[in-house]
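Order of the sequence lines fixes the chain letters, A, B, ..., with proteins taken first and strands second; residue numbering starts at 1 for each chain. Because only heavy atoms are used, hydrogens play no part in the values below, and waters and symmetry mates are left out as well, while side chains stay in.
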Number of protein chains: 2
Amino acid sequence: MSEAAIQTYTRADEAFDCLQTAIVKGDLVPGEKIGEVELCSRFNLTRGPLREALGRLESRGLLVRRPHAGVKVVSVSAEELMELYRIRETMEGLAARQAAERMTDDEIADLQATLDSHEKMIEQAQGQAYYQAEGDYDFHHRIATGSRNTKLAQMLLGDLYYMVRMYRYRLSTSSGRPHMALEEHRRIAEAIAQRDGELAEFLMKRHINAARKNIETKIHNGTLSI
Amino acid sequence: MSEAAIQTYTRADEAFDCLQTAIVKGDLVPGEKIGEVELCSRFNLTRGPLREALGRLESRGLLVRRPHAGVKVVSVSAEELMELYRIRETMEGLAARQAAERMTDDEIADLQATLDSHEKMIEQAQGQAYYQAEGDYDFHHRIATGSRNTKLAQMLLGDLYYMVRMYRYRLSTSSGRPHMALEEHRRIAEAIAQRDGELAEFLMKRHINAARKNIETKIHNGTLSI
DNA sequence: AGTCTATAGATTGTTGACAATATGATCACT
DNA sequence: AGTGATCATATTGTCAACAATCTATAGACT
């Protein structure tokens, strides 16, 4: 094993993961004030590691803390969610371009194989958006790491995705346009396979822009509420 | 005062600031392993707040921590520094575009006034790059906040700038092209004043790209070593 | 002689108690 | 009666001792 899994899993890491998934899954409601002792009893933790985890989460912008007053999950407005997508658009565009230049042939083959399995999933689980959401996450994850840009991957995977996923869960349905998204993924992968960075960037930006517009119209329709 | 300063400044915040500036200024050498107790005695802190600060710094990617083994300042290779600039290029391009669309007239006037004072500073302090570096930081800071994109500003100001500044200090000289940089700033400000987002984005990307190339050639020359 | 194992030391992770601060309710005053 | 200040409570921030883990040194074995 070259890259071993985390050898020692510290309590603080545990706390961090627990809280993060709780926030993403919506178990911790945005805006609601939550006490430290309550969190401790809820996740079987002690306050030390918990506070360390809270610090990390705050630094990542998932929750906001006021000294001596308490901590609450950050609540994102519709506008801010749209801003998040605009950031993703530019950053993932860059990631796609660099991925086209730097992914190994094996990685690209894997990427395309992944898309095949996504297609099967979509066909099997008609209308069940969950697989699509996971698949989408998987696809973007691979490209982010494929960019070989450590900091970029860190920002994308560590910061942005969790915020986006947080709202994916809430407006659970996900896009509802699985076939179209898959098709867009295919084209991006194709551009990467042809080592056409410029095209990959363009297609990725358009892909995320389309997702943003899709959500935006749903919000305006009233189909979706944040 | 609408946005009051931090009412209560906790020890953890103090620790965070101390460590961050120490890292940026180079008092804490990258790669070197540092013990918690040593840091405590050095900054007159106790281990509790220190550890919380360490967690935040780690989450921001300024240092890396291995459980039970210790913590060391992250060391960035020349390639990674270039990657950082590529990220800045796209993100600040976006910031400039949104700033052109959203900054108030007052803010734009302030921005241009800032450039005037920068010009005077450069003339007065011939060759002293410090003012230029600070001025540059100031300019980009204003545009980041002017974008009205909370998350974008947070990522730029909270994550990227500190890493870049860290190396600015080390290769202290800064660009050594103050007049040219100022001229580029002027053009960007002008584009923003004319509410031409597309142009502002283009000019900003070119500006950062030029800065990147400047450093890159210096590294190849051997003028600069990381 | 080289390599592997085991132990000692030091360092980090964790815990529970203590101090400082914000919130909410009570009471006096206008 | 409504508003302001004061105080009690509960919660957060901080501290110092304890437990768990890693690293380095020394020894035994192949």
Nucleic acid contacts - residues 32-40 of chain B versus DNA chain D, non-hydrogen atoms under 4.0 Å: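 Contacts with DNA chain D under 4.0 Å: none.
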
Whole angstrom value for the distance that separates [atom2] of [N] from [atom1] of [X]:
X: Glu14(A); N: dA20(D); atom1: CD; atom2: C1'; value: 15 Å
X: Arg11(A); N: dA20(D); atom1: CZ; atom2: C1'; value: 11 Å
X: Glu58(A); N: dG13(D); atom1: CD; atom2: P; value: 9 Å
X: Arg47(A); N: dA17(C); atom1: CZ; atom2: P; value: 12 Å
X: Phe16(A); N: dG13(C); atom1: CZ; atom2: P; value: 16 Å
X: Lys72(A); N: dT11(D); atom1: NZ; atom2: P; value: 18 Å
X: Arg66(A); N: dT11(D); atom1: CZ; atom2: P; value: 16 Å
X: Glu52(B); N: dG13(D); atom1: CD; atom2: C1'; value: 9 Å

side-chain hydrogen bond (donor to acceptor under 3.5 Å, both in side chains) partners for Glu36(B), two or more places apart: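 With sequence neighbours excluded, Glu36(B) shows a side-chain hydrogen bond (donor to acceptor under 3.5 Å, both in side chains) to Arg47(B), Arg51(B), given in chain and number order.
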
Arg165(A) with Asp136(A): basic N within carboxylate O range, under 4.0 Å: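 No, this pair does not count.
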
Candidate nucleotides dA17(C), dT23(C), dG13(C), ranked by approach to the side chain of His68(B) - the nearest: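 Nearest listed nucleotide: dG13(C).
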
Residue list, salt bridge (Lys or Arg N to Asp or Glu O under 4.0 Å) with Arg60(A), at least two apart or on another chain: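 Residues passing salt bridge (Lys or Arg N to Asp or Glu O under 4.0 Å) with Arg60(A): none at all.
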
All salt bridge (Lys or Arg N to Asp or Glu O under 4.0 Å) counterparts of Arg212(B), not counting sequence neighbours: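 Partners of Arg212(B) by the salt bridge (Lys or Arg N to Asp or Glu O under 4.0 Å) criterion, ordered by chain and then number, come out as Glu216(B).
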
Phosphate OP1/OP2 of dT14(C) contacted by Thr10(A) side-chain N/O (<4.0 Å):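 Yes, within the criterion.
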
Side-chain N,O (Arg51(B)) to OP1/OP2 (dG13(C)) below 4.0 Å: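 Arg51(B) to dG13(C) OP1/OP2: side-chain N or O found under 4.0 Å.
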
Pair of N/O donor and acceptor under 3.5 Å linking dG13(D) base with Arg65(A) side chain: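 Between dG13(D) and Arg65(A), which were checked side chain against base, a qualifying N/O pair under 3.5 Å is absent.
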
Stepwise salt bridge (Lys or Arg N to Asp or Glu O under 4.0 Å) check, Glu52(A) with Arg65(B): CA-CA 13 Å; Glu52(A) 200 173 318; Arg65(B) 197 143 61 134; 2.7 Å; yes

Toward the 5' end of DNA chain C, by each residue's nearest nucleotide, Ala69(A) or Val71(B):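 Final value for this comparison: Val71(B).
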
Ring pair (Phe, Tyr, Trp, His ring centres under 6.0 Å) partners of residues 30-68 of chain A, not counting sequence neighbours, each pair once: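 Found none.
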
Any residue meeting ring-ring contact (aromatic ring centres under 6.0 Å, His included) with Tyr161(A), in chain and number order, not counting sequence neighbours: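 Partners of Tyr161(A) by the ring-ring contact (aromatic ring centres under 6.0 Å, His included) criterion, ordered by chain and then number, come out as Tyr137(A).
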
